[in-house]
Amino acid sequence: MLQIYNTLSRSVEEFKPINPLHVSIYSCGPTVYDYQHIGHMRRYVGDDILVRVIRANGFDVKHVMNITDVGHLTSDSDTGEDKMEKGAKKFGMSVWDIAKKFEKQFFDSSDLLNIKRPNVVIHATDAIQDQVDLIQILEEKGFTYKTSDGIYFDTSKFPRYFELSHQNPDELKAGARVDMIEGKKNITDFALWKFSSKGEKRQMEWDSPWGIGFPGWHIECSAMSMKNLGPTFDIHTGGIDHITIHHTNEIAQSQAASNKQFVKYWVHHNFLQVNGQKMSKSLGNFYTVEDIQKKGFDPLALRYLYLQTHYRQEMNFTFKSLDGAQNALKHLRSIISEWDEPKIGCAEFEGRFVNAVNDDVNMPEALAIAWELVKSDYPSKAKAESLYKMDKILGLQLNRHEEIKVPEDVQKLIDEREGLRKQKRFHLSDQIRHKIRKSGYDVIDEKGEKTKIVRI
Ligand code: AMP
Ligand code: ZN
C-alpha cells in the first residue's frame with residue numbers, strides 16, 4: 001500500500017484515490033521567463049518519480065501540468081515588475097518569444113533527465129476565458145471586490161483560509177509590510193484580475209468584464225486543474241515555497257467556487273541548495289542541465305544524485321557529489337553490461353524495493369536496495385530481470401550499457417589476439433588472452449557476434 005505525506009494533515013497517510021483505478025494529478029509548471037535550473041528540475045524529477053510509483057501500484061494516472069506564460073508580478077503580494085516583461089527586456093525578445101524559448105529549454109531539460117511528459121500540458125494564455133469564468137463565479141458568490149488596480153479575493157470571507165499553511169493570522173498581521181496595495185482589505189487578499197495601467201500598452205493583455213488587463217497568477221492553476229480534473233482531484237504538487245501563498249490561494253478560490261474539497265493530497269518538494277546557498281545568477285552557482293552536460297556529466301547522473309536525497313529533505317548540490325553519482329552510475333552500468341539476459345527475477349529484492357518506494361517515495365532507500373541486489377549472489381539473469389523492473393521507477397536507463405574504454409596497450413593485445421584467431425593459431429591467441437586478463441580485462445567470444453570486452 002502506498003503511503004504518502006500530505007501537507008494538509010502534516011502526516012504520512014495511506015493513499016486512497018477518489019476513484020479506485022484512476023488517479024488525477026496536477027503539478028504547478030514552470031514560469032517561462034528565464035532558464036530553468038537544476039533546482040527547478042529537482043522538483044520535476046520528484047514529480048516524475050511520484051507518477052511512476054503510482055503507476056507501478058497499478059493505477060492509471062492522468063497528470064496535468066500548466067505552463068505559466070502570462071506575465072505575473074515578481075512579488076507574491078501582487079506588486080513589483082511583471083516577470084515575463086522583465087524577461088523579454090533582458091533577452092531583447094517579445095514576451096511571446098521568451099515564453100516559447102524557455103518552454104523549449106524546460107522540455108529539453110526534462111527529456112535529458114528522462115522525465116515522462118505529463119498527459120496534458122496547458123498554457124495559461126490558452127485558458128484566459130476559463131480564468132475569467134471562474135472569477136465571475138467568485139464574483140456572483142460575493143467573494144470579490146474591486147480596487148483601483150484590480151479585482152481581489154476577500155480572504156476574510158473564506159474561514160478555512162489557513163488550513164494548508166497552518167499560519168497564525170495574528171502573527172501575519174504583526175509582520176505585515178506597510179506597502180500594502182491601496183484598497184486591499186486584508187493582507188492575505190490577492191488579485192484575481194489586474195487592470196493594465198492607464199496609458200500603458202502591455203504586450204500581453206486581454207479584455208474582460210472588468211476591463212483590459214491580465215489574470216492573477218493563482219487563478220490559472222485553479223481554473224486549469226478543475227477544468228481538466230474536475231472540482232476535486234487526488235494530488236496537487238509544487239515546491240515548498242508554494243504552501244503559504246500560491247496553494248493556499250488556489251484552495252480558497254477553488255473551494256469558494258465549487259463548495260467542494262479541492263485536493264485530497266498535497267505533495268511539496270524541498271529545495272536544492274548549492275554549497276549551502278540558494279542557487280542564483282549573482283552568486284555564480286546557477287546551472288542548467290545543459291551546463292552540467294557541457295561540463296562532461298551525463299544528465300542521468302544528476303537524476304541519480306537527486307534520488308539520493310528524500311524529496312522532503314533539502315538537498316545540497318556540489319560537483320563533487322555529482323562526480324560521485326556519475327561514477328556510481330557508470331559502475332552500475334558496467335556491471336550490468338556483463339550480465340546474462342534477464343529472466344525470472346528475485347522476489348525478495350523486488351518486494352523490498354516496492355516497500356521502499358511505497359513508504360512516502362523513499363528513493364534513497366530504494367536505491368540502496370537496488371545496489372544490494374546488484375551485489376547479491378543471485379544469478380545475473382535474475383538480477384537483471386529485477387533491476388530492469390526497478391528502473392521503470394528509477395528512470396536511469398540502466399539497460400543503456402556503458403561502453404568500456406579500453407587502454408591503448410590492451411586494445412593492441414585484443415587486436416593481436418583477433419588476428420591470431422583468424423589464422424587459427426589458438427595456442428598463441430590464448431597466451432595473449434592471458435596477458436589481457438592480467439591487465440584487468442577479458443574477452444568473451446560469443447557465437448556469430450563481435451567479441452565482447454569486459455572488465456574483471
Ligand atoms: P522561479 O522561477 O525562480 O520563481 O522558481 C519557480 C519555482 O521553482 C519556485 O516557486 C520553486 O517552487 C521552484 N524552485 C526555484 N528554485 C528552486 C530550487 N533551488 N530548488 C527547488 N525548487 C526551486
Ligand atoms: Zn500553480
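Ligands are counted one by one from 1 in listed order, and the atoms in each one are counted from 1 as well.
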So, for [X] and [Y], is the gap between ring centers shorter than 6.0 Å?
| X | Y | value |
| --- | --- | --- |
| Tyr152 | Phe190 | no |
| His123 | Trp96 | no |
| Phe233 | Phe262 | yes |
| Phe317 | Phe319 | yes |

Open item on the list: Regarding Asp291 and His37, do their side chains bring together a donor and an acceptor under 3.5 Å, going by distance alone?
Closed with: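 The answer is no; no qualifying pair exists.
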- [ ] Mind checking side-chain hydrogen bond (donor to acceptor under 3.5 Å, both in side chains) for Tyr378 and listing every partner two or more places apart, or none if nothing turns up?
- [x]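 Partners of Tyr378 under the side-chain hydrogen bond (donor to acceptor under 3.5 Å, both in side chains) test: Glu348.
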Open item on the list: Could you work out, with side-chain hydrogen bond (donor to acceptor under 3.5 Å, both in side chains) as the rule, every residue matching Lys104, not counting sequence neighbours?
Closed with: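 Testing Lys104 for side-chain hydrogen bond (donor to acceptor under 3.5 Å, both in side chains), a comparison that skips the adjacent residues, returns Asp108.
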Open item on the list: Check for me: within less than 2.8 Å of the Zn ion (ligand 2), which protein N/O/S atoms show up?
Closed with: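 The answer, once waters are left aside, is Cys28 SG, Cys221 SG, His246 NE2.
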Open item on the list: Between Ser27 and Arg43, is there a side-chain heavy-atom distance shorter than 4.5 Å?
Closed with: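 A side-chain contact under 4.5 Å exists here.
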Open item on the list: So for atom NZ, which belongs to Lys227, do other residues, nucleotides or ligands contribute more than 12 heavy atoms lying within a distance under 6.0 Å?
Closed with: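 Open: at most 12 neighbouring heavy atoms sit under 6.0 Å from NZ of Lys227.
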Task: Every residue of the protein that comes under 4.0 Å of ligand 1, judged on heavy atoms - done: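 Contacting ligand 1 under 4.0 Å are Tyr33, His37, Gly39, His40, Lys83, Gly239, Asp241, His242, Phe271, Leu272.
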